[in-house]
Q: 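This is the structure I have questions about; it appears just below.
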Amino acid sequence: DSSLLLQSTHNVTVNARNSNGEVTGRLNVGPKMVEFHGQQFQINSKDGKPLFTVDENEVVIGTDKLRVTGPEGALFEHSVETPLVKAEAFKQLRLESPTRSLSMDAPRGINIKAQTGNIEALSQMDIKLHSSDGVLLLDAETVRLPKLPQGTRGGSSISQGLYEICVCPDGKLYLSVAGVGSTCQEYSRVCQ
């Protein structure tokens, strides 16, 4: 019932050998580093549950939560595969690529949902919504396009503050004061 103390001014090495005397595992505790040589390294909890396992093919962390506390977060040289990306409670979740693009690919769809807040997409350049085999559905109580340019007044009817959305041949949208008939002009100066 007493501790075993191994002490050295340089390092302490513990070797495991097989029946032929060959070293199959080595633990080296030095003044600046702890080193392990073997086929697998594993740390278990008190009840025997594997918490951290390393072998030549993978690293497995078996805890319920992995916390990375460094200011730069976690750096992945290649891809990340996970069924869930979730922020800590009451904290924002950010997916950011400061110098390159950010890509999310899923063969069966991508769902972005905000239960009680807004969803914002901000871009210095274009934001493109493209569906190769389907429709683009804007399903909301109000759809606003506040910065559309306005075309010249078309027909001569009282518009009552109503506008129609016109489409240029190249797909650009613009507003035109509503009339009895359509006030859209294919060659409006807005389209030029």
Side-chain angles (χ1 to χ4, degrees), residues 1-140:
D1 293 331
S2 61
S3 299
L4 173 65
L5 175 64
L6 301 175
Q7 204 166 292
S8 170
T9 56
H10 296 291
N11 61 33
V12 174
T13 301
V14 178
N15 289 334
R17 298 179 184 272
N18 61 16
S19 57
N20 296 331
E22 299 163 329
V23 175
T24 57
R26 172 179 292 140
L27 177 66
N28 188 348
V29 180
K32 294 185 179 178
M33 184 168 48
V34 175
E35 223 178 343
F36 172 79
H37 297 268
Q39 290 183 337
Q40 187 182 60
F41 176 75
Q42 186 167 313
I43 298 173
N44 294 333
S45 66
K46 286 189 287 185
D47 59 355
K49 177 185 170 190
L51 300 177
F52 183 78
T53 306
V54 180
D55 62 29
E56 287 184 8
N57 299 316
E58 64 181 0
V59 175
V60 177
I61 298 173
T63 58
D64 292 334
K65 184 183 286 187
L66 171 65
R67 184 181 297 271
V68 179
T69 58
E72 296 296 321
L75 175 65
F76 299 94
E77 294 290 329
H78 300 288
S79 65
V80 175
E81 182 177 330
T82 178
L84 176 66
V85 176
K86 185 168 123 180
E88 199 173 350
F90 305 108
K91 300 261 177 109
Q92 288 186 351
L93 174 66
R94 292 176 55 127
L95 299 176
E96 182 180 358
S97 177
T99 59
R100 295 291 184 269
S101 63
L102 178 65
S103 175
M104 291 188 293
D105 300 312
R108 298 183 66 185
I110 295 174
N111 182 16
I112 301 172
K113 183 192 296 186
Q115 298 283 33
T116 59
N118 296 332
I119 293 176
E120 289 185 28
L122 305 174
S123 174
Q124 182 180 356
M125 300 298 283
D126 298 339
I127 294 178
K128 296 179 182 179
L129 302 174
H130 175 75
S131 175
S132 59
D133 188 22
V135 297
L136 177 62
L137 177 64
L138 301 175
D139 183 6

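FYI, the numbering just counts along the sequence from 1. All of these numbers come straight from a predicted model, not from anything done at the bench. What's counted below: heavy atoms across the whole structure, side chains too, no hydrogens, waters or symmetry copies.
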Q: Without swapping roles, check the side chain of Asn118 against the backbone of Glu120 for a donor-acceptor pair under 3.5 Å.
A: no
Q: If every non-hydrogen atom of Ala114 is compared with every non-hydrogen atom of Ile119, which pair is closest and at what distance?
A: CB-CG1, 3.7 Å
Q: Report yes or no: does Asp126 contribute a side-chain atom to a donor-acceptor pair with the main-chain N or O of Lys128 at less than 3.5 Å?
A: no
Q: Assess the side chains of Ser103 and Asp105: does a donor N or O sit below 3.5 Å from an acceptor N or O?
A: yes
Q: For Asn111, what residues pass the side-chain contact (heavy atoms from CB on, under 4.5 Å) criterion, not counting sequence neighbours?
A: Lys113
Q: Do Glu88 and Lys65 meet the salt-bridge criterion of a basic N to acidic O distance under 4.0 Å?
A: no
Q: Does any N or O in the side chain of Ser45 come within less than 3.5 Å of the main-chain N or O of Lys49, such that one atom is a donor and the other an acceptor?
A: yes
Q: So how far is it from Thr63 OG1 to Arg67 CZ, rounded to the nearest 0.5 Å?
A: 10.5 Å
Q: After noting the C-alpha distance and the side-chain angles of Met104 and Val85, does the key distance pass the side chain to side chain contact (heavy atoms under 4.5 Å, CB included) rule?
A: CA-CA 12 Å; Met104 291 188 293; Val85 176; over 6 Å; no
Q: Considering non-hydrogen atoms only, spot the tightest contact between Ser8 and His10 and give its length.
A: OG-N, 3.0 Å
Q: Would one find more than 12 heavy atoms of other residues, nucleotides or ligands at under 6.0 Å from atom CG of Asp133?
A: no
Q: Short question: side chain of Ser3, backbone of Leu5 - any donor-acceptor pair under 3.5 Å?
A: no
Q: Relative to each other, are the rings of Phe41 and Phe36 parallel, tilted or perpendicular (30° and 60° limits)?
A: tilted
Q: State the OG1-CD distance between Thr53 and Glu58, to the nearest 0.5 angstrom.
A: 8.5 Å
Q: Could you pull out the closest heavy-atom pair between Gly30 and Asn11, with the gap in Å?
A: CA-CB, 3.6 Å
Q: Return the CG to OG1 distance between Leu6 and Thr13, rounded to the nearest 0.5 Å.
A: 10.5 Å
Q: Using a 3.5 Å distance criterion without hydrogens, assess whether the side chain of Thr24 forms a donor-acceptor pair with backbone atoms of Ala16.
A: yes
Q: Return the minimal non-hydrogen interatomic distance between Arg26 and Asn15, and the atom names on each side.
A: NE-OD1, 3.0 Å
Q: Does some side-chain heavy atom of Asp55 sit less than 4.5 Å from a side-chain heavy atom of Val60?
A: no
Q: Within this structure, what is the CG-CD1 distance for the pair Leu51 and Ile61, rounded to the nearest 0.5 Å?
A: 10.5 Å
Q: Rounded to the nearest 0.5 Å, how far does CG of Asn57 lie from CD of Gln40?
A: 10.5 Å
Q: Which pair of heavy atoms, one from Arg17 and one from Val23, lies closest together, and at what distance?
A: NH1-CG2, 3.4 Å
